[in-house]
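Below, chains carry the letters A, B, ... as their sequence lines are ordered, and counting in each starts from 1.
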Protein chains: 2
Amino acid sequence: MEFSRETSAGFLANHMARLFERGLARRIAPLGLAPAQFMTLLELWREDGLTQRDLVARLDVEQATMANTLSRMERDGLILRRPDEQDRRARRIYLTDRARQLQAPATQAAAAQNGQALADLTPEETALFNDLMRRVIAQMQQAE
Amino acid sequence: MEFSRETSAGFLANHMARLFERGLARRIAPLGLAPAQFMTLLELWREDGLTQRDLVARLDVEQATMANTLSRMERDGLILRRPDEQDRRARRIYLTDRARQLQAPATQAAAAQNGQALADLTPEETALFNDLMRRVIAQMQQAE
DNA sequence: TGCACTTCAATAGCACGCTATGCAATGCTA
DNA sequence: TAGCATTGCATAGCGTGCTATTGAAGTGCA
């Protein structure tokens, strides 16, 4: 049984994800955004005023990871963190105007990266590919 | 045009790769290995005495990333770095006995992670999936 | 021969993933 | 209601990715 980069789904996934992230990073850097910030904004554009706990659940990262990402976003003027009125442990997260204005250009940049990555695939293959990824993700999540 | 985690290949790839890496990290931690170290060992098990430059080319990471990974591996007693005889700028990388002994258990751990992740896919789907990933990787590499 | 260019590697500094801890606030239960 | 467990978040410390910079060594050409 030979184990190599070319035949291991885990390595292919890692390599592919690094290429996606590199490409996205380059495309959104001019907007002053980093990949994890964009991922977080994607949720906040959909629904403002979430708590850190909400974001952790939706994005499937550890709480400490999200805390640090949010600190950088606050530092960069993308979000405000205001105390929750009911629960004084929690802080609700609100977008700044700057963050709202970045929605269109940032999602365009991400779409362009996806488009480039998938340029060689037919629409059917793309749909199949996404579906397979979702199934593999679900399988690993369930196994945890 | 709706852009969301569920429909973006980039996000799916990122999420999937994080799950793969988490799983692998847990499985090889008892061996005293971290994911990037394992990835590097995979090349060195195949061919010993490579230079940093060789590894950078084969694993598609930046030179600085590899330099740091190799430093940690040296610190952990996995490799030795000896000066090249011809080119005094370069240092060749050699496995220690400890690293050689880890080949079987570490590759087993990685295979188990792959197996778990792909448990829901038929062999045909797995082959197709890997093939699609290779095509997407090739496309992004060519676009760089 | 000498000087510029390239190449190999190390380092600094940052983003972002993780685990492990700790603190304050909240909730539950005896 | 007092005490304990749980929850929300921050922080420390580390691995691994990146870019940018530097120094030393090799290469090549006027």
Have a look at [X] and say if it touches a base, only the backbone sugar-phosphate, or nothing, with a 4.0 Å heavy-atom cut-off.
| X | result |
| --- | --- |
| A/Ser71 | nothing |
| A/Arg81 | sugar-phosphate |
| B/Ala67 | base |

Write out a two-atom table: protein N or O, nucleotide N or O from nucleotides 15-21 of chain D, distance below 3.5 Å.
from: D/dG15; atom 1: OP1; to: B/Arg75; atom 2: NH1; distance (Å): 3.3
from: D/dG15; atom 1: OP1; to: B/Arg75; atom 2: NH2; distance (Å): 2.9
from: D/dT16; atom 1: OP1; to: B/Pro35; atom 2: N; distance (Å): 3.4
from: D/dT16; atom 1: OP1; to: B/Ala36; atom 2: N; distance (Å): 3.0
from: D/dT16; atom 1: OP2; to: B/Arg72; atom 2: NE; distance (Å): 3.0
from: D/dT16; atom 1: OP2; to: B/Arg72; atom 2: NH2; distance (Å): 3.3
from: D/dC18; atom 1: OP1; to: A/Arg22; atom 2: NE; distance (Å): 2.9
from: D/dC18; atom 1: OP1; to: A/Arg22; atom 2: NH2; distance (Å): 3.0
from: D/dC18; atom 1: OP2; to: B/Glu62; atom 2: N; distance (Å): 2.8
from: D/dC18; atom 1: OP2; to: B/Thr65; atom 2: OG1; distance (Å): 3.1
from: D/dT19; atom 1: OP1; to: A/Arg26; atom 2: NH2; distance (Å): 3.0

Is there any protein nitrogen or oxygen under 3.5 Å from a nitrogen or oxygen in nucleotides 4-7 of chain D, and what are the pairs?
from: D/dT7; atom 1: O2; to: A/Arg89; atom 2: NH1; distance (Å): 2.6

[X] [atom1] - [N] [atom2] separation (whole Å):
| X | N | atom1 | atom2 | answer |
| --- | --- | --- | --- | --- |
| B/Leu19 | C/dG17 | CG | P | 12 Å |
| B/Arg88 | C/dT7 | CZ | C1' | 15 Å |
| A/Leu24 | C/dA15 | CG | C1' | 13 Å |
| A/Glu74 | D/dC9 | CD | C1' | 13 Å |
| A/Met66 | C/dG17 | CE | C1' | 11 Å |
| A/Arg82 | D/dC9 | CZ | C1' | 18 Å |
| A/Leu59 | C/dC16 | CG | P | 12 Å |

- Could you tell me whether the phosphate oxygens of C/dT7, OP1 or OP2, come under 4.0 Å of any side-chain nitrogen or oxygen in B/Gln52? no

- side-chain contact (heavy atoms from CB on, under 4.5 Å) between B/Leu102 and B/Leu78: does it pass, once the steps are laid out? CA-CA 9 Å; B/Leu102 290 173; B/Leu78 293 166; 3.8 Å; yes

- Item | Within-4.5 Å side-chain heavy-atom neighbours: B/Met66 and B/Arg58 | no

- Query: Taking the side chain as C-beta and beyond, is there a heavy-atom pair between A/Arg100 and A/Asp48 under 4.5 Å?
  - Reply: yes

- Query: Between the side chains of A/Glu6 and A/Ser4, is a donor N or O closer than 3.5 angstrom to an acceptor N or O?
  - Reply: yes

- Task: Please check if any side-chain donor atom of B/Asp120 sits under 3.5 Å from a side-chain acceptor atom of A/Gln142, or the reverse.
- Result: no

- Task: Determine the interplanar angle of the A/Phe129 and B/Phe129 rings, folded into 0 to 90°, and report it as parallel if under 30°, tilted if 30 to 60°, perpendicular if over 60°.
- Result: tilted

- For A/Arg18, enumerate each residue passing the salt bridge (charged side-chain N to carboxylate O under 4.0 Å, His left out) test, keeping only those at least two apart in sequence or located in another chain. none

- Task: For B/Arg53, look at atom CZ and say whether over 12 heavy atoms of other residues, nucleotides or ligands are found less than 6.0 Å away.
- Result: no

- Query: So which one's nearest nucleotide on DNA chain D is more toward 5', B/Gln86 or A/Arg92?
  - Reply: A/Arg92

- Spell out, as yes or no, whether a donor-acceptor pair under 3.5 Å connects the side chain of B/Asn114 to the backbone of A/Gly10. yes

